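To start, the structure itself, in structure tokens.
Because the structure is predicted, anything quoted here is derived from the model rather than measured. Ligands are counted one by one from 1 in listed order, and the atoms in each one are counted from 1 as well. Values reported hereafter were calculated over all heavy atoms of this structure, with side chains retained and with hydrogens, waters and symmetry mates removed.
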Amino acid sequence: MTDPILSSQNLARVQPSATMVVTQKARDLRAQGIDVIGLGAGEPDFDTPDHIKQAAIKAISEGKTKYTPVDGIPELKQAICTKFKRDNNLDYTPDQISVAPGGKPIIYNALVATLDPGDEVIIPTPCWVSYPEMVRLAGGTPVLVSCTQADQYKLSAKALREAITPQTKWLILNSPSNPTGMLYSAGELAALAEVLVGHERIMILSDDMYEHLVYDDHEFATIADVAPDLYARTLTMNGLSKAYAMTGWRVGYAGGPAPLIKLMAKVMAQTTSNACSISQWAAVEALNGPHDFIETRNVIFVKRRDVVVSLLNEAKGIECTVPDGAFYVYPSCAGLIGKTSAGGRVLHTDVDVASALLEEAHVAVVPGSAFHSSPNFRISYATDMRSLETACARIGAFCETVK
Ligand code: GLU
């Protein structure tokens with residue numbers, strides 16, 4: 001008998017989400033009683049601040065538990081307009097705002113709403129696992145542009161110019177970057193903008209999810225502000241998950257051209273409908289309420305980053321640069337490739353390195369190949385210092401025994 005449950009050809013071309021797979025593997029091993037340290041998914045260990053939780057509880061008590069307008073309640077859209085003006089010097093009106101159940105649906109809705117077969121989306125790599133796959137799901141073609149460590153894994157104007165074809169529909173930018181933590185300066189964005197100004201049909205998706213997680217003396221910049229000429233064809237997206245520690249609440253949002261926002265609402269109305277009503281009210285409080293906890297938490301993130309970078313650099317075969325933001329480090333494991341682990345595993349690729357680290361050292365990391373750049377792996381340091389130190393010690397010990 002043939003199996004009636006067969007993947008569509010389109011979905012068959014899509015890779016599973018490596019960040020989700022690694023996180024689930026770590027969960028499964030832990031459930032078997034194995035002491036695995038999960039540094040896979042990028043999820044802050046901090047709790048959602050209490051004033052935000054209270055706003056959600058109040059919303060429940062007040063019966064704000066029904067359908068809302070498909071792409072967001074007016075109060076949240078207004079709070080988002082205020083946020084864009086306050087933090088990014090960007091003027092948006094509520095008809096230019098979309099709210100969805102997470103950052104992922106914002107991106108996916110924008111792609112589904114605009115891509116036809118043959119349309120290309122330029123994605124600098126290393127890139128977040130989901131961009132190319134969402135492009136494929138939406139029927140488009142991802143064009144991956146490899147960015148080197150020497151370029152701090154950032155797209156140059158030259159590389160952008162060379163990647164553009166008559167089929168290019170979108171460029172996706174992500175700063176600070178998942179997985180590298182690198183940040184585009186205003187100058188670097190201006191150089192990219194100069195190329196884009198001459199290509200009026202290309203839209204820009206600026207994924208600013210890690211905006212508030214920027215360290216040292218680096219300053220966050222976003223392309224619609226740096227290059228006002230591009231404002232009318234830029235979708236500036238963001239969300240509550242990372243800086244506000246609200247991953248499970250599922251609230252993402254974007255500001256962009258009203259006609260695009262309308263198309264995205266059309267997609268939502270036939271698929272997910274609104275983001276959770278309670279989460280939206282919590283998001284209003286998050287955006288309008290006090291923000292000082294972000295600074296306090298960033299001080300902790302910097303300490304963790306510095307410890308992780310320095311411990312990893314002590315490990316044989318691993319080289320780690322200091323990222324500007326987010327909560328990831330993206331070390332090279334080139335020095336381990338071709339060698340054999342104590343458990344007898346030949347480390348041909350960074351997938352082998354990540355598997356060996358999980359099974360032999362009980363540390364869950366995401367292999368660089370998932371981000372289309374090898375040989376590396378990504379560590380999320382959004383977890384407590386003790387776990388990070390233990391994990392790095394385990395990685396160090398693992399590297400010592402590799403022959
Ligand atoms: N964005 C986070 C990560 O890269 C969460 C997992 C996901 O959505 O892929 O780990």
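- The existence of a salt bridge linking Lys77 and Asp71 is confirmed by a sub-4.0 Å separation between a basic side-chain nitrogen and an acidic carboxylate oxygen.
- The aromatic rings of Tyr330 and Phe371 lie perpendicular to each other, with more than 60° between the two planes, well past the 30° mark.
- Distance from atom 8 (O) of ligand 1 to its nearest protein heavy atom, with residue and atom name: Lys104 NZ, 2.9 Å.
- Of all the atoms in ligand 1, the ones that sit under 4.0 Å from a non-hydrogen atom of Lys242 are 1 (N), 2 (C), 5 (C).
- Near Ala41, the atoms of ligand 1 lying under 4.0 angstrom from a non-hydrogen atom of the residue are 10 (O).
- Contacts with ligand 1 closer than 4.0 Å are made by side-chain heavy atoms of Tyr328 only, the backbone lying farther away.
- Between the choices Glu43, Arg378, Met209, Met20, the shortest heavy-atom distance to atom 3 (C) of ligand 1 belongs to Arg378.
- By the criterion of a heavy-atom distance under 4.0 Å, neither the backbone nor the side chain of Thr23 is placed next to ligand 1.
- At distances below 3.5 Å, not a single donor-acceptor pair connects side-chain atoms of Thr222 with backbone N or O atoms of Asp225.
- Under the 4.0 Å criterion applied to side-chain N and carboxylate O atoms, Asp151 and Lys158 are not assigned as salt-bridge partners.
- A salt bridge does not link Glu75 with Lys64: every distance from a Lys NZ or Arg NE/NH1/NH2 to an Asp or Glu carboxylate oxygen is 4.0 Å or more.
- Rounding to the nearest 0.5 Å places CH2 of Trp128 at 5.0 Å from CD1 of Ile107.
- Taking distance alone, with nitrogen or oxygen atoms compared against 3.5 Å, Gly40 stays at or beyond that limit from ligand 1.
- On a distance-only criterion, Thr19 and ligand 1 share at least one N/O pair closer than 3.5 Å.
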